There are 2 protein chains.
Amino acid sequence: MASHHQYSISDLAREFDITTRTIRYYEESGMLCPYRDGQTRLYNEADRVKLKLILRGKRLGFSLSESRELIEMYDPDSDNRHQINALLDKIHKRREQLEAQLHDIQLMQEELDEAEAKCMEAFNDD
Amino acid sequence: MASHHQYSISDLAREFDITTRTIRYYEESGMLCPYRDGQTRLYNEADRVKLKLILRGKRLGFSLSESRELIEMYDPDSDNRHQINALLDKIHKRREQLEAQLHDIQLMQEELDEAEAKCMEAFNDD
DNA sequence: TTGAACGTTTACGTTAACGTAAAGCAGGCG
DNA sequence: CGCCTGCTTTACGTTAACGTAAACGTTCAA
């Protein structure tokens with residue numbers, strides 16, 4: 001059912017507005033392992049999604065290794081109970097972090113409201 | 001109206017769970033300039049709030065200089081229209097960033113729900 | 001009075017996340 | 001054929017945000 005797209009490294013670089021160096025660096029760090037046609041890297045849809053997740057993690061302030069942990073949760077290689085419990089624990093902690101972050105964002109948004117109002121006010125005082 | 005508290009550098013370090021080096025580094029970067037009693041730094045409530053803002057910015061994935069920009073918006077030194085317009089522009093852009101970030105968080109929360117469900121499922125399959 | 005417990009400065013070290021430059025191979029085109 | 005475009009590798013450089021160590025000055029309780 002479709003979506004057997006192939007992407008070159010610069011296709012992805014263009015789409016996500018990053019450099020090819022960045023993509024290769026993510027591969028160096030073991031976060032991507034594209035198929036090779038000879039020397040040339042060929043990326044499929046799964047690779048593309050992974051890259052997207054990495055970049056979203058980055059926007060959320062996660063380090064690469066933190067993002068890797070998150071992404072590894074979706075890999076179907078969890079085989080024993082101990083692993084699964086560790087994963088559930090990670091999920092729980094991550095969720096707490098996100099909620100704290102949500103709170104931070106709400107606070108900052110309120111303050112942006114105030115700051116904006118203050119600017120407007122200063123604008124009318126002449 | 002009180003709140004003329006004084007804090008030592010390690011008071012703040014303890015409260016926010018960071019090192020004194022970190023606090024001094026923020027001063028080096030021009031984000032804090034505490035009162036001095038001789039050589040010794042003495043921080044007041046305003047300094048404490050500033051530090052809190054810096055750390056919140058950090059949790060939100062902002063660099064120090066980005067946080068500085070945000071904090072400077074609250075300093076009452078904006079004197080001309082050009083400045084104010086620039087500030088309003090910054091506020092607008094920051095708000096867009098925050099909304100994108102909110103979206104990212106929501107997505108990630110949904111995925112955490114799914115991941116958790118998947119784990120639970122694997123847990124029941126025995 | 002001495003020795004912890006706090007503070008200070010100066011200065012070099014470290015890590016993550018790339019940037020950048022050099023040198024080279026593969027394919028298409030005028 | 002020569003050149004351009006796009007890919008590759010290797011490898012050293014860079015910046016932010018501190019860590020860490022050395023050497024020194026207070027203060028205060030035993």
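Below, chains carry the letters A, B, ... as their sequence lines are ordered, and counting in each starts from 1. Computed from a predicted model, the values in this text were never measured in an experiment.
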B:Y26 side chain near D:dC18 phosphate (N/O to OP1/OP2, under 4.0 Å): yes

Expected rows: protein N/O vs nucleotides 21-26 of chain D N/O, under 3.5 Å:
none

Distance test, side-chain N/O of B:K58 to OP1/OP2 of D:dA17, below 4.0 Å: no

Audit row: A:D47, A:Y26, side chain to side chain contact (heavy atoms under 4.5 Å, CB included) steps and yes/no: CA-CA 11 Å; A:D47 294 324; A:Y26 293 160; over 6 Å; no

Base versus backbone protein contacts along nucleotides 6-15 of chain C [heavy-atom cut-off under 4.0 Å; B, S, -]: SSBB-B----

Separation of D:dA16 P from B:I54 CD1 (nearest whole Å): 16 Å

Short side-chain N/O contact to C:dA16 OP1/OP2 from A:S65, under 4.0 Å: no

Side chain A:R56, main chain B:L107, donor-acceptor under 3.5 Å: no

Nearest heavy atoms of A:M31 and A:K50, plus distance in Å: O-CD, 3.6 Å

If you look only at distance, which donor and acceptor atoms sit under 3.5 Å apart when one is on a side chain in residues 10-19 of chain B and the other is two or more places apart or in another chain?
{"from": "B:S10", "atom 1": "OG", "to": "B:S8", "atom 2": "OG", "distance (Å)": "3.3"}
{"from": "B:D11", "atom 1": "OD1", "to": "B:S8", "atom 2": "OG", "distance (Å)": "3.4"}
{"from": "B:D11", "atom 1": "OD2", "to": "B:S8", "atom 2": "N", "distance (Å)": "2.9"}
{"from": "B:D11", "atom 1": "OD2", "to": "B:S8", "atom 2": "OG", "distance (Å)": "3.4"}
{"from": "B:E15", "atom 1": "OE1", "to": "B:R48", "atom 2": "NE", "distance (Å)": "3.1"}
{"from": "B:E15", "atom 1": "OE2", "to": "B:R48", "atom 2": "NE", "distance (Å)": "3.1"}
{"from": "B:E15", "atom 1": "OE2", "to": "B:R48", "atom 2": "NH2", "distance (Å)": "2.7"}
{"from": "B:T19", "atom 1": "OG1", "to": "B:R21", "atom 2": "N", "distance (Å)": "3.4"}
{"from": "B:T19", "atom 1": "OG1", "to": "B:T22", "atom 2": "N", "distance (Å)": "3.1"}
{"from": "B:T19", "atom 1": "OG1", "to": "B:T22", "atom 2": "OG1", "distance (Å)": "3.0"}

Residues that A:Y7 engages under side chain to side chain donor-acceptor pair (under 3.5 Å), provided they are two or more places apart: A:E45

Side chain to side chain donor-acceptor pair (under 3.5 Å) partners of A:D104, counting only residues at least two apart: B:R59

Phosphate OP1/OP2 of D:dG19 contacted by B:T22 side-chain N/O (<4.0 Å): yes

d(CG, B:D17; P, D:dG19) in whole Å: 11 Å

Side chain to side chain contact (heavy atoms under 4.5 Å, CB included) between A:H5 and A:N44, worked out: CA-CA 6 Å; A:H5 293 294; A:N44 60 22; over 6 Å; no

Results of side chain to side chain contact (heavy atoms under 4.5 Å, CB included) for B:Q109 - residues two or more places apart only: A:L98, A:E99, A:L102, B:I105

Rounded distance [0.5 Å steps], CD1 in B:I54 versus NZ in B:K58: 10.5 Å

Nucleotide C:dC18, atom P - distance to CD1 of A:I23 in whole Å: 11 Å

d(CE, B:M31; C1', D:dA17) in whole Å: 12 Å

Length of the line joining B:Y25:OH and D:dA16:P, which is rounded to integer Å: 7 Å

